[in-house]
K.L.:
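If you scroll down you'll find the structure; I have some questions about it.
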Amino acid sequence: MPTVIVSTIELPEKAKELLRDYDVVLYELPRLGKEELASALSRAEVLMCWCGREFDLTRSINSMPRLRVIQTFSAGVDHLPFPVIPSNIEVYSNAGAYSVPVAEHAWAMILTLAKGLHRPVLNAREYLGNEITSPRRIIESTLLVLGTGGIGLEIARIGKEGGFRTHNIGINRSGRPTEYFDEVYPTNQLLDALPRADIVAIALPLNKYTKALVSEKELKALKHGAIVVNVGRGDVVKEEDLYKVLKERQDIRFGTDVWWMHDGHEEIPPMTPLTTLPNFLGTPHIAGGAQREIAEYAMIRAVENVIRYLRGGETPMNKVSISDYV
């Protein structure tokens, strides 16, 4: 009996070709009429989705009694309605699919902030003499990365091997050693590590353990002249505390591509007047890349993970621990 896969978006041809080697029936929701949609959902064993604006999982979950697997196209899954997902359904993220472009974006922000290019100053004396724009050294600096998964690992690799010769300190939940990191510590030692860092890169997913992990206490522990960038999730950093500390300490330069959730959506610009501060740099959540080739690569990776499920004897990657979110 074929496995019924429902994708909430149209898949690239290469992804479909991969599935043709297996006994599956693929439904792409944009191609279906109302009656076909109801039939496809009722038969679905695997759901592939962003599960955001394109598909309301909360409303549709009860229409999928045969559902066993949810595979997201996104790396982050903090937006999923975990309380309504039955316990027999396994959820897999697409972690790692966007590691390279997000890490490149993190370094673009680091270099922009380090060289004071975030403020348009054309007078050399003002540019060099102003704490907000004066250039800072990157070579052989200490890089602290919060989150040693795919994105954090790539940020560390670029720092170590990309010509910057950084000394890399990693923070993860267990303190488990990871490639490209000279030192790794558990999350409960974050306050000890922060004062050593010239650069801090936040690459953490958002869950109940990381929400508001970086608050006023952590921000005030930063060394003078620290550069901080966030490419994980906005709510890992406490928004009001960030505004307060950046306003008080203009020696800290902060860049973010991710923003804070209010009423179920990312608020850009944010509720606090962060964007008015001269030591703040923001980009509109585009680090993952809106380019077609990046999106297609992510979709193909998601399909490859579903194929691991279809093979039966192979465990899919990136299984989500639902207890991290509820």
K.L.:
Surrounding NZ of Lys208 (heavy atoms of other residues, nucleotides or ligands, distance under 6.0 Å), is the total greater than 12?
P.N.:
yes
K.L.:
Using only heavy-atom distances, determine whether the side chains of Tyr27 and Arg43 contain a donor-acceptor pair under 3.5 Å.
P.N.:
yes
K.L.:
Salt bridge check: are Glu90 and Lys319 linked by an N-O gap of less than 4.0 Å?
P.N.:
yes
K.L.:
Would you say Ser7 and Glu28 are linked by a side-chain donor-acceptor pair, where the criterion is simply a distance under 3.5 Å?
P.N.:
no
K.L.:
Check the surroundings of atom CZ in Arg53: do more than 12 heavy atoms from other residues, nucleotides or ligands lie under 6.0 Å from it?
P.N.:
no
K.L.:
Please name the pair of heavy atoms, one in Ile158 and one in Ala103, separated by the smallest distance, quoted to 0.1 Å.
P.N.:
CD1-CB, 4.1 Å
K.L.:
Is the side chain of Asp241 donor-acceptor paired with the backbone N or O of Ser215 at a distance under 3.5 Å, no angle test?
P.N.:
no
K.L.:
Backbone N or O of Leu41 within a donor-acceptor pair of the Ser63 side chain at under 3.5 Å?
P.N.:
no
K.L.:
Search all heavy atoms of Asn168 against all heavy atoms of Ala156 and return the closest pair with its distance.
P.N.:
ND2-O, 2.9 Å
K.L.:
With no hydrogens and no angle check, do the side chains of Glu266 and His79 hold a donor and an acceptor under 3.5 Å apart?
P.N.:
no
K.L.:
If the threshold is 4.0 Å, N to carboxylate O, is there a salt bridge linking Glu183 and Arg196?
P.N.:
yes
K.L.:
Determine the minimum heavy-atom distance between Leu143 and Trp107, stating which atoms define it.
P.N.:
CD2-CZ2, 4.0 Å
K.L.:
Write down the atom of Ile252, the atom of Leu219, and the distance for their closest heavy-atom approach.
P.N.:
CD1-O, 3.9 Å
K.L.:
Is the charged tip of Arg173 near the ring of Tyr209: under 6.0 Å from the six-membered ring centre and within 45° of its axis?
P.N.:
yes
K.L.:
Output yes when a side-chain donor or acceptor of Arg137 lies under 3.5 Å from a complementary backbone atom of Ile139, and no otherwise.
P.N.:
yes
K.L.:
Between the side chain of Asn207 and the main-chain N/O of Asp78, is any donor-acceptor distance below 3.5 Å?
P.N.:
no
K.L.:
Strictly by modelled atom types, are Tyr22 and Arg311 linked by a side-chain donor-acceptor pair under 3.5 Å?
P.N.:
yes
K.L.:
Check each of Leu26, Leu29, Leu32 against Val6 using the side chain to side chain contact (heavy atoms under 4.5 Å, CB included) test, and report the only one that passes.
P.N.:
Leu29
K.L.:
Would you tell me whether Gln250 and Asn279 have side-chain atoms, one donor and one acceptor, within less than 3.5 Å of each other?
P.N.:
no
K.L.:
What do you reckon, is CD of Glu13 surrounded by more than 12 foreign heavy atoms closer than 6.0 Å?
P.N.:
yes
K.L.:
Does a side-chain N-to-carboxylate-O contact under 4.0 Å join Asp251 and Arg249?
P.N.:
yes
K.L.:
Can you check whether Arg176's main-chain N or O pairs, donor with acceptor, with Ser174's side chain at less than 3.5 Å?
P.N.:
yes
K.L.:
Which pair of heavy atoms, one from Ile110 and one from Ile199, lies closest together, and at what distance?
P.N.:
CD1-CG2, 3.8 Å
K.L.:
Locate the shortest heavy-atom distance separating Phe55 from Ser60; write the atom from each residue and the value.
P.N.:
CZ-CB, 3.5 Å
K.L.:
Does a donor on one side chain sit under 3.5 Å from an acceptor on the other, for Glu154 and Ser99?
P.N.:
no
K.L.:
Less than 4.0 Å between a side-chain N and a carboxylate O, is that true for Lys223 and Asp198?
P.N.:
yes
K.L.:
Closer than 3.5 angstrom, by distance alone: can the side chain of Lys115 be matched with the main-chain N or O of Arg136 as a donor-acceptor pair?
P.N.:
yes
K.L.:
Run through Val4, Ile61, Thr8, Val69 and flag the one making a side chain to side chain contact (heavy atoms under 4.5 Å, CB included) with Leu47.
P.N.:
Thr8
K.L.:
Is it true that Thr148 and Asn172 share a donor-acceptor pair across their side chains at a distance under 3.5 Å?
P.N.:
yes
K.L.:
Checking side chain to side chain donor-acceptor pair (under 3.5 Å) for the pair Ser74/Asn94: CA distance, chi angles, key distance, verdict?
P.N.:
CA-CA 5 Å; Ser74 60; Asn94 207 10; over 6 Å; no
K.L.:
Is it true that Arg292 and Glu296 have a side-chain N and a carboxylate O under 4.0 angstrom from each other?
P.N.:
yes
K.L.:
Hey, are Glu304 and Arg308 close enough for a salt bridge, meaning a charged N less than 4.0 Å from a carboxylate O?
P.N.:
no
K.L.:
Can a salt bridge be assigned to the pair Arg68 and Glu45 using a cut-off of 4.0 Å between side-chain N and carboxylate O?
P.N.:
no
